[in-house]
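Okay, structure first, notes after.
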There are 2 protein chains.
Amino acid sequence: MTIQKPLPTKRPTRAGNLADGVYQALRRAIIEQALAPGTKLPEDSVGESFGVSRTVVRSVLGRLTVEGLVSQQPNKRATVASPSISEGRGVFQVRRGLERTVIETLAGRLTSAQTETLRAHVTAEERAQGRDGPESIRLAGEFHTLLADMTGNELLIRYVAEVTSRCSLILALYGRPHSSECAVNEHQMIIDALVRGDEATAVSIMDEQLMAVATRGLLDLKPVRERDLKDLLSDYRAAAK
Amino acid sequence: MTIQKPLPTKRPTRAGNLADGVYQALRRAIIEQALAPGTKLPEDSVGESFGVSRTVVRSVLGRLTVEGLVSQQPNKRATVASPSISEGRGVFQVRRGLERTVIETLAGRLTSAQTETLRAHVTAEERAQGRDGPESIRLAGEFHTLLADMTGNELLIRYVAEVTSRCSLILALYGRPHSSECAVNEHQMIIDALVRGDEATAVSIMDEQLMAVATRGLLDLKPVRERDLKDLLSDYRAAAK
DNA sequence: CGTCATTAAACAGTATACACTATTGTAAAT
DNA sequence: ATTTACAATAGTGTATACTGTTTAATGACG
């Protein structure tokens, strides 16, 4: 039998779910670039910094890995994911398909309350437009998850949230400083089309916009930035082996 | 300090990754209905039956929960998911969108080797058509994941695999005994359209087929079957509380 | 008999211990 | 000086221990 010591400064596990909190925090940290892609995430250190044990961190890292924000390989430290450009393109392509489904589901079926919510959001976007980059970016992203939420389709919501967060990462890596002034106006047009049930128009605006972001706006630019050096080297090494 | 006992019959952890094995096994068991929807999955029992500890089981259940094959709520036992009809519809809708993206990606871009593989698969489907339900169903499903694989889009592959497996669950719950004799022919037509780059036709056949499965073929039928009884009861009990 | 309270058994959440693997630093040998 | 061997370190994989919560069983009381 094992002899136990009194556990001095240990609170007896009050909360039901530490993992969720850590998950949210870590996720935000990654999306908002507080943790740059490639950053090492040893379970111990992360655990210490959140005041939880490896068990919790481990489950969180697992979730984030599934979502593509963290990459893990066996017996190696987890790192903040740093997707390649082609992965990035792939994510954007899937996103286009998903958002089209969102639009199709919503066209002509928005309640007035929902319309109101959307218009209010666009107003907020307009207000934040001139100044404050991060805020503006966040709002632009939220427009899409907001739409997805309104479908009430649980899976669709999850997938859109996932691709949206991955796109944030990708844009941070490969996007040019800032090129989203066009968004607000188009968001307005999407809402209008949605309200009058003009599915085709809504889809085409949305698709166009995402397409633009994925190609002209961002990915085709210069992909090499400081933090990618390591990735590039590893690619070359693999090819040379 | 804690006093440790010698750990008598403990093997020193040979393998690097038990979780993957258990994951595969459990996943198959669920998809193939060896574990019916609603089956309780206590961490201890599952662990014992696979000869691993709760730690491993826990991570596996987490993964499966994300994929929608298992459902978990805090402090309750995990169960094999038993999606509602409306969830089912939602999954099918997302699936339609994803598969459309697959078709669009592939149209006019199939290599001859890929075409060969697809035709061979359809041949296998034809052979299995008359007899052996399970085999036939499995092949019909694999046609879709095979297509997805050919896109080379990692995320798309994962999503299609996920919705496909969820659809298996849903069909098992709400589908009529067997109504997939139409599939083979249409698969052939999709390949043809894909090869000659006729995106519109390929999309419409695929979409039509999935739509048919999701509405006429399956979901609108009688949703209540024996194994749902327990679920229904639990719903009522919860509502009555 | 049925209903509610009380207790016992399962079970999940979390932390920690130990085995194993990868990485890194360092010194010997060429 | 460069490479190889090996030890020390850091980190993951997994099992187990313990605490708190849910659920089932038991019994008291109406």
Subject >> Of the listed nucleotides C/dT14, C/dT23, C/dA17, the one nearest the side chain of A/Arg54 >> reply: C/dA17
Original post:
Roughly how many Å is it from CG in A/Asn17 to C1' in D/dT21, rounded to a whole number?
Top reply: 13 Å
**OP:** May I have the distance from A/Gln72 (atom CD) to D/dG11 (atom P), rounded to whole angstrom?
**Re:** 15 Å
Subject >> Euclidean distance, atom CG of residue B/Leu18 to atom C1' of D/dA15 [Å, nearest integer] >> reply: 11 Å
Original post:
Angle class for the B/His121/B/Phe143 ring planes (parallel below 30°, perpendicular above 60°, tilted otherwise)?
Top reply: tilted
Subject >> Atom-to-atom span, CG of B/Asp44 to C1' of C/dA9 - whole angstrom >> reply: 12 Å
**OP:** Could you check which of C/dC11, D/dT14, C/dA15 has an atom nearest any side-chain atom of A/Val52?
**Re:** C/dA15
**OP:** Please step through side-chain contact (heavy atoms from CB on, under 4.5 Å) for the pair B/Thr79 and B/Leu41, ending with a clear verdict.
**Re:** CA-CA 5 Å; B/Thr79 62; B/Leu41 299 171; 5.7 Å; no
Original post:
Just checking, is any N or O donor in the side chain of A/Thr101 or B/Gln93 under 3.5 Å from an acceptor N or O on the other one?
Top reply: no
Original post:
Ion pair present between A/Arg158 and A/Glu162, side-chain N to carboxylate O less than 4.0 angstrom?
Top reply: yes
Original post:
Toward the 5' end of DNA chain C, which comes first, B/Thr55 or B/Ala78, by nearest nucleotide?
Top reply: B/Ala78
**OP:** Nearest whole angstrom, please: distance from the P of D/dA15 to the CD of B/Glu48.
**Re:** 13 Å
Subject >> Phosphate-side-chain proximity, B/Ser53 and D/dA15, N/O vs OP1/OP2 below 4.0 Å >> reply: yes
Original post:
Can you check the A/Glu43 CD to D/dG11 C1' distance for me, whole Å?
Top reply: 8 Å
Original post:
Picking from C/dA15, C/dA12, D/dT12, which would you name as closest to the side chain of B/Pro42?
Top reply: C/dA12
Original post:
C/dA19 C1' sits how many Å from A/Asn75 CG, rounded?
Top reply: 11 Å
Original post:
Which nucleotide in the set C/dA12, C/dT14, D/dT14 lies at the smallest distance from any side-chain heavy atom of B/Arg77?
Top reply: C/dA12
